[in-house]
Amino acid sequence: MHLWKKLALAALPSTFHAALSQHVVDLSGDGWTVSSKALNMSAPGHLPSQVHLDLYAANVIDDPYYGLNDFNLRWIPDNNWTYTSEPLKGLSGKAKSSWLVFNGLDTFTTIEFCGQFIGTTDNQFRQYTFDISKALSSCKGDPTLAINFGSAPKIANAIAEDPNSEKWPYGPQQIYEFPNRWYIRKEQSDFGWDWGPAFAPAGPWQDAYLVQFECKESVNILNTDLDIFRKGQINHLPPDQSQPWVVNASIDFLGSLPAKSSMNIEVKDVETGKILKSGPLENVATTGQAITGSITIDADAPNLWWPNGMGKQSLYNVTVTIQDSEKQGLASVTKRSGFRTIFLNRLNITEDQLAQGIAPGANWHFEVNGKEFYAKGSNFIPPDAFWPRVTEARMQRLFTAVKAGNQNMLRVWASGAYLPGFIYDIADEYGILLWSEFQFSDALYPSDEKFLENVAAEVVYNVRRVNHHPSLALWAGGNEIESLELPLVQEAAPDRYSFYVGEYEKLFISLILPLVYENTRSISYMPSSTNNGYLWVNMSAPVPMAERYNNITAGEFYSDTDYYNYDSSMAFDYGSYPVGRFANEFGYHSMPSLQTWEQAVDKDELHFNSSTVMLRNHHYPAGGTETRNFKNSSMGMAEMTIAVERYYPIPNKDDSVANFSAWCHATQLFQADMYKSEIQFYRRGSGMPERQLGSLYWQLEDIWQAPTWAGIEYDGRWKVLHYVARDIYQPIIVSPFWNYTTGDLSVYVTSDLWDTASGSVDLAWVDLSGKPLPGNAGTPQTQHFTVGGLNTTEIYSAKISDLSLHDRKNAVLVLSLSAQGSLPNSECGSLTTFTHRSQVATEFPNRLALVDPEVQVTHDEKTGTFTVEAKKGVSLYTWLDYPSGVVGYFDDNAFTLLPGEKKTVNFTVQKDETDGKWAKGVTIQSLWDQTTRD
Ligand SMILES: *[C@@H]1O[C@H](CO)[C@@H](O)[C@H](O)[C@H]1NC(C)=O
Ligand SMILES: *[C@@H]1O[C@H](CO)[C@@H](O)[C@H](O)[C@H]1NC(C)=O
Ligand SMILES: *[C@@H]1O[C@H](CO)[C@@H](O)[C@H](O)[C@H]1NC(C)=O
Ligand SMILES: *[C@@H]1O[C@H](CO)[C@@H](O)[C@H](O)[C@H]1NC(C)=O
Ligand SMILES: *[C@@H]1O[C@H](CO)[C@@H](O)[C@H](O)[C@H]1NC(C)=O
Ligand SMILES: *[C@@H]1O[C@H](CO)[C@@H](O)[C@H](O)[C@H]1NC(C)=O
């Protein structure tokens, strides 16, 4: 019971609010009751929390993630639920005014205090404050707070049925399970998505407190917008790196400030504790409930913050204090921040760029501190259907995997939630840039005044809240609206198309763009995730950014790409991949591991097309609230099956659970191979005319245990994909390109270092027993190369028919690269040695003449390492697996091993519930094991 503890200063890692003459009662903790009058049900509640979590904790319901409980628990979102506090204790008797502050209510609420109506809310993503002074002073009974949460699916339906609500033609509005999500400002994937369940949770999902002012002139800090940019910087133009830094601090407060308030700042190096700058802020001005001031810092004084792989993540604590005219502190806030510029360059291609061989059109890439870089990463979806149980420890594990995976950017996809501060804090520390989006996705949205006002408050609050994080990379208006929704509505209602484009621009350009630019000078904005860029930006125009749309010329490139193709016959066809400046989405789904299925599914349901497995597969989505849509699910299941059957040995094990496990693994092999093929194609594009500078695959992690596009399963276990992506996201890679239609084989070296690197690649043809092919099949043994910064070079090409390959089913080309180059920002340009290995056969895996490589693993208890060896043949897709109860990852996995090679692999333990016993359960297999019956 923490209901009346004072707001803990240390509880919030990068932010704390210290304040004088205010009395704060924290409302978080237990001491709440959650109840439903209609269901005559009540259980202990918490804050922050959601109804499902509290009912589960109280044993009223079973684990929402088990079996088909996502369908069985629909009665929860179909009802209203009330969170009622115990009578609040510790309230001040001397208060001049009293306020409730909610940092997040999900979503529709009616709030009562001491039995009196206080107010309502209708946006999950806003912060709300309510003056309860009158209600408190006239309180006769107990000072009890009651928050009634309405049924979001029912409210969305009621809005849809209102004749005054906007209606859209059939087509663009993507329905997953519950309909009508676009009318409400709630996490859109709560109503279902193709990778997740539809729980439509409700509850006080963020913290809340009650603040009382005992003096007339006192303030409580609600939100802080700390903006660090180069003097003169404008969001859509490249910043001048020689300019001094401007630190602009703008604080939203509750209460009232005395006349002549001032602001003071201290900027402290987190690593050394040294003060970089301290003193009064200049140009202090108060507008409404915000006070703002700024200061400049010499251009070269701070250590810069760099993304993962490009240098250090230098961080500074910035403490801003609001003072009265006597210089007494009234309130103070500390934000951990950093100095960097991040810019999304969508400017026209210049003459200089044309001279480098870059095709005309426009740029579409990021620049950090004035430097172009290759963005390597994936798309982040909500890591849980219930945010209150997303802990810092879990996110530390996930971001450790992101960093270990050689990723430097995640796209925080637009239809989960704006991330809580602690996740940005972790990203700041790990150097993971977060391309962040406003929460709009795969639908057209209303544009009436009430809706726009609600969105405006949401945008301003969230832009200001997260702006101090150096990991923040971009704001995008929404997901797939320009690239998918506009074409769909054009098809559905061609005569109304320009009307819908106008509505799109009203929300995503005229409304949101100025709100972003007014609150940040440091971050670029684009209206929708995938787009052809813009023609011009003019802040005084009614629509301040003119989108290029389809005003494009053949042979030019302007855009990022978003590409899915579930016809697996095209999976390895390079000609089918989109050619663009950046790939922000692409992928194919796969099954999670057996260990993960076992968490959620009864033993007798552990087979590929059992009802539970199928109904947990939401690709393709049910498209409504029907709970047994086997038809749509079976299409998605079939896509996985067909892909395996097309390219890989078909599992056929005697034991049905082992067979299921082998099938799950096979879908992961296909998925990983396909992403590898696409990622190496996109990375090679950095040195092609398209000047491709990013690949973010769909999707980083899972929201629950189900077949999805994820590379990391719900509890943190890496699929084959995350290992393979880590491999292919190394700075210098050697990539084979086998075109099976033309019979061309070529090998490229691609580097995303910033300077030239050089080295050699050994090319070795072997048969599947590991014996070298005579004369190396006519291929040179070694090729030397130099490769430019952010560039690629072809080191070898041949027609397969010209090679002396007598049996293509029994031949593999193993490519081993060793190179020297300097990592970005390395000390005095010191050289690092890079190695990489890849391989290619000129038949797909199911046609290869596999032999049993007799692959073995031994565990050294002293060093904790595992040694892997293939005794008899080439071990393809060598796979180390570990049992349940531990979360972690191997240094390397899914690799090729030649006979005679010994490979030592470490396992990083992230969480262990087995007391170290897991190591005994580590197993080894290879592609050969996918062909055996046991
Ligand atoms: C920076 O601020 C955080 C709290 O936000 C604190 O834990 C940390 O000790 C501070 N670092 C320094 C060097 O003052
Ligand atoms: C359900 O909750 C909503 C939102 O708080 C409210 O408007 C509605 O009146 C409630 N209905 C009932 C039956 O309590
Ligand atoms: C960029 O090129 C387009 C033509 O593709 C042109 O209309 C536009 O004015 C150019 N923008 C700038 C800022 O030069
Ligand atoms: C990539 O390298 C080639 C060959 O050295 C060079 O001609 C080209 O200009 C480089 N591309 C870029 C964008 O620097
Ligand atoms: C070309 O751009 C103009 C506005 O700049 C827009 O009205 C028009 O729809 C665009 N044309 C196409 C084909 O997208
Ligand atoms: C082979 O190359 C041709 C020409 O570039 C292309 O059209 C085709 O899609 C490629 N096929 C494969 C399998 O990559």
Side-chain angles (χ1 to χ4, degrees), residues 166 168-169 172-173 182 185 233-238 343-348 361-364 414 435-460 462-464 474-553 556 558-560 562 581 584:
E166 180 162 7
W168 293 271
Q173 307 306 85
W182 39 84
R185 297 310 300 145
Q233 187 172 334
I234 295 171
N235 310 61
H236 61 278
L237 295 174
F343 168 58
L344 174 63
N345 189 339
R346 293 190 293 157
L347 299 173
N348 288 347
N363 287 283
W364 206 112
W435 156 345
S436 302
E437 303 195 334
F438 297 106
Q439 307 303 328
F440 301 90
S441 195
D442 293 327
L444 297 174
Y445 285 84
S447 66
D448 59 276
E449 281 314 306
K450 192 165 159 260
F451 187 83
L452 295 185
E453 272 171 34
N454 199 357
V455 168
E458 160 191 337
V459 166
V460 170
N462 286 290
V463 168
R464 293 171 71 82
L474 174 70
W475 279 111
N479 169 62
E480 293 176 335
I481 302 197
E482 192 169 314
S483 62
L484 180 69
E485 298 309 309
L486 291 183
L488 285 174
V489 78
Q490 184 169 28
E491 206 176 301
D495 48 327
R496 299 262 293 158
Y497 179 61
S498 58
F499 169 80
Y500 289 114
V501 172
E503 280 206 309
Y504 164 73
E505 295 190 345
K506 188 170 170 191
L507 173 55
F508 294 105
I509 306 185
S510 301
L511 180 77
I512 297 183
L513 184 141
L515 294 175
V516 174
Y517 285 8
E518 282 158 20
N519 288 287
T520 177
R521 293 276 294 270
S522 48
I523 301 297
S524 311
Y525 174 75
M526 62 175 186
S528 182
S529 54
T530 311
N531 62 74
N532 283 327
Y534 58 78
L535 296 170
W536 46 258
V537 177
N538 174 359
M539 294 304 289
S540 53
V543 181
M545 181 182 267
E547 290 292 86
R548 189 184 311 269
Y549 296 121
N550 288 321
N551 290 308
I552 55 175
T553 306
E556 301 194 353
Y558 311 89
S559 67
D560 56 337
D562 171 331
R581 304 280 190 203
N584 60 291

Nearest atoms (heavy-atom pairs only) where [X] meets [Y]:
X: A493; Y: Y500; answer: CB-CE1, 4.5 Å
X: E482; Y: S528; answer: N-OG, 3.1 Å
X: G478; Y: F508; answer: N-CE2, 4.4 Å
X: W168; Y: P446; answer: CZ2-N, 3.5 Å
X: N532; Y: S559; answer: OD1-CB, 3.0 Å
X: L474; Y: L344; answer: CD1-CD2, 3.7 Å

Exercise. Could you list all the side chain to side chain donor-acceptor pair (under 3.5 Å) pairs where at least one residue sits in residues 511-520, not counting sequence neighbours?
Key: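 The answer is D227-T520, R464-N519, N467-T520, T520-S522.
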Quiz item: Could you walk me through whether E547 and I509 pass the side-chain contact (heavy atoms from CB on, under 4.5 Å) check?
Solution: CA-CA 9 Å; E547 290 292 86; I509 306 185; 3.8 Å; yes
Roughly how far apart are [X] [atom1] and [Y] [atom2], rounded to 0.5 Å?
X: Q439; Y: Y445; atom1: CD; atom2: OH; value: 9.0 Å
X: M545; Y: N538; atom1: CE; atom2: CG; value: 11.5 Å
X: N531; Y: S483; atom1: CG; atom2: OG; value: 8.0 Å
X: N584; Y: D562; atom1: CG; atom2: CG; value: 5.5 Å
X: L444; Y: E485; atom1: CG; atom2: CD; value: 5.5 Å
X: E491; Y: Y497; atom1: CD; atom2: OH; value: 12.0 Å

[X] (side chain) donor-acceptor with [Y] (main chain) under 3.5 angstrom:
X: N454; Y: F451; answer: no
X: S510; Y: P542; answer: yes
X: N363; Y: L347; answer: yes

Exercise. For L515 and V463, run side-chain contact (heavy atoms from CB on, under 4.5 Å): C-alpha distance rounded to whole Å, both residues' side-chain angles, the deciding distance at 0.1 Å, then the answer.
Key: CA-CA 9 Å; L515 294 175; V463 168; over 6 Å; no
Practice problem: Apply side-chain contact (heavy atoms from CB on, under 4.5 Å) to F438 and Y525, showing your working. | Solution: CA-CA 11 Å; F438 297 106; Y525 174 75; 3.7 Å; yes
Quiz item: Taking only residues two or more places apart in sequence, or in another chain, which ones meet E503 in a salt bridge (charged side-chain N to carboxylate O under 4.0 Å, His left out)?
Solution: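 By the salt bridge (charged side-chain N to carboxylate O under 4.0 Å, His left out) rule, E503 matches no residue at all.
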Side chains of [X] and [Y], heavy atoms from C-beta outward: is any pair under 4.5 Å?
X: L513; Y: P527; answer: no
X: V459; Y: W475; answer: no
X: Y504; Y: V489; answer: no
X: H236; Y: W536; answer: no

Practice problem: Could you walk me through whether E437 and N479 pass the side-chain contact (heavy atoms from CB on, under 4.5 Å) test, one step at a time? | Solution: CA-CA 8 Å; E437 303 195 334; N479 169 62; 4.0 Å; yes
